[in-house]
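What follows is a set of notes on a single structure, which appears directly below.
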Amino acid sequence: MTETIGIQLVSYSGAMGLILLGIFALVNYEHLIRVIFGLILLEAGVNLFLITLAYRADAVAPIMIEGQTAAMVDPIPHALVLTAIVIGVAVQALALALVIKTYQKYGTLNTRILAQRIAEESGTRMIEGIPTEVKKV
Amino acid sequence: MLFGIALISIIIMLGSAFAVLFFENYLASVVALSVMSLALSVLFVVLQAPDVALTEAAVGAGVSSVILALTLRRIGLWQDKS
């Protein structure tokens with residue numbers, strides 16, 4: 001029983017660590033590839049959190065065997081996470097395709113330089129890093 | 001026993017997650033991401049979710065690393081320092 005509580009505690013702290021690292025990478029880095037790394041870490045942390053939520057004390061994996069009486073862990077978050085992993089890889093592939101297209105058009109992946117180029121191209125001006133529309137007199 | 005395995009895989013997972021963010025080389029970051037995914041799948045087995053562990057090992061450590069490495073080659077960051 002104490003072992004179960006220890007496993008749950010360790011898994012929750014691991015999930016929190018992954019989520020915090022992912023958010024840190026999303027807000028801190030300016031390179032688009034590093035932002036995608038942060039997205040992947042965040043997704044892994046959320047998956048670990050959901051699987052830890054389904055864990056029960058002294059339970060077995062949710063596979064039916066004849067004559068089984070032991071309790072099972074909750075299988076519904078497992079199905080959810082199974083789908084979320086595959087969807088996460090699809091999101092990564094889409095983001096990487098957009099990164100390749102951006103690099104081919106602008107030749108850089110730094111978000112500040114990209115914001116400046118896009119602002120110049122579309123006829124807007126930058127105020128402290130955020131492109132805003134020029135007011136026509 | 002199970003708690004020891006969980007603790008070791010959590011330490012490997014968080015260590016390689018730090019390594020992903022603080023490696024200079026992008027290819028090394030991708031390899032660290034793959035290691036993080038494998039440690040996560042070991043943790044899923046400890047948490048009684050073998051189906052999710054199989055998917056994570058195949059998709060997270062396999063396909064994800066391959067598409068990331070192909071993108072790095074396409075945009076010329078294969079051996080570049082940030």
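Remember, predicted model here, so these are calculated numbers, not experimental data. The figures that follow rest on heavy atoms only: side chains count, while hydrogens, waters and symmetry mates do not. To find a chain, count down the sequence lines: A is the first, B the second, and so on, and within it residues start at 1.
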Option in A/Ile63, A/Asn47, A/Leu41 with maximal non-hydrogen atom pairs under 4.5 Å from chain B
A/Leu41
Chain A contact via B/Leu33 - which portion, at a heavy-atom distance below 4.5 Å
side chain
Which bit of A/Val73 is near chain B, if near means a heavy-atom gap under 4.5 Å: side chain, backbone, both or neither?
side chain
Are A/Ile7 and A/Met16 in one and the same hydrophobic cluster, where Ile, Leu, Val, Met, Phe, Trp and Tyr link if side-chain heavy atoms are under 4.5 Å apart?
yes
Checking heavy-atom separations under 4.5 Å from chain A, one finds in residues 48-55 of chain B B/Gln48, B/Ala49, B/Pro50, B/Asp51, B/Val52, B/Thr55
Measuring heavy-atom distances to chain A, does B/Ile75 have an atom under 4.5 Å in its side chain, in its backbone, in both, or in neither?
both
Heavy-atom contact with chain A under 4.5 Å, split by part of B/Val63:
side chain
Taking everything shown except A/Leu94 itself, do over 12 heavy atoms lie less than 6.0 Å from its CG?
yes
Let me check something: do B/Met36 and B/Val31 share a hydrophobic cluster, defined by ILVMFWY side-chain heavy atoms less than 4.5 Å apart, either directly or through other members?
no
For the pair B/Phe22 and A/Phe24, name the ring-plane relationship: parallel under 30°, tilted 30 to 60°, perpendicular over 60°.
tilted
Could you list all the salt bridge (Lys or Arg N to Asp or Glu O under 4.0 Å) pairs where at least one residue sits in residues 88-105 of chain A, not counting sequence neighbours?
A/Lys105-A/Glu121
Under 4.5 Å from any heavy atom of chain B - which part of A/Ile33:
side chain
Dump the intermediate steps for side-chain contact (heavy atoms from CB on, under 4.5 Å) on A/Arg34 and B/Val20, then the final yes or no.
CA-CA 9 Å; A/Arg34 298 239 178 240; B/Val20 167; 6.0 Å; no
Find out if a path of hydrophobic residues (ILVMFWY) with successive side-chain heavy-atom gaps under 4.5 Å connects B/Leu14 to B/Val45.
no
Heavy-atom pairs under 4.5 Å with chain A: which of B/Ile11, B/Val30, B/Leu47, B/Ile5 has the most?
B/Leu47
Between B/Tyr26 and A/His31, is the side-chain contact (heavy atoms from CB on, under 4.5 Å) condition met? List the steps.
CA-CA 11 Å; B/Tyr26 287 100; A/His31 198 276; 3.4 Å; yes
Which of the residues A/Ile36, A/Val81, A/Ile85 is involved in the greatest number of heavy-atom pairs with chain B at under 4.5 angstrom?
A/Ile85
Just give me the residue among A/Leu21, A/Val60, A/Val89, A/Val99 that pairs up with chain B most often, heavy atom to heavy atom, under 4.5 Å.
A/Leu21
Checking A/Ala54 against chain B: side chain, backbone, both or neither under 4.5 Å from a heavy atom?
neither
Count the heavy atoms of every other residue, nucleotide or ligand shown that sit under 6.0 Å from CZ of B/Phe3, and state whether that count exceeds 12.
yes
Shared hydrophobic cluster, A/Ile40 / B/Leu38 (ILVMFWY, side-chain heavy atoms < 4.5 Å)
no
If you count heavy-atom pairs under 4.5 Å with chain B, which of A/Val86, A/Ile100, A/Leu109 comes out on top?
A/Ile100
Engaged part of B/Leu68 at the chain A interface, taking heavy atoms whose separation is under 4.5 Å
both
B/Leu40 portion near chain A, given a 4.5 angstrom heavy-atom threshold:
side chain
Based on non-hydrogen pairs under 4.5 Å, which of A/Met72, A/Gln92, A/His78 is most in contact with chain B?
A/His78
Engaged part of B/Ile10 at the chain A interface, taking heavy atoms whose separation is under 4.5 Å
side chain
Mind checking whether B/Leu43 and A/Thr52 have side chains closer than 4.5 Å, heavy atoms only?
no
I need the minimum non-hydrogen distance between B/Leu21 and A/Ala25, along with the two atoms involved.
CD2-CB, 3.5 Å
B/Val42, B/Val35: one ILVMFWY side-chain cluster at the under-4.5 Å cut-off?
no
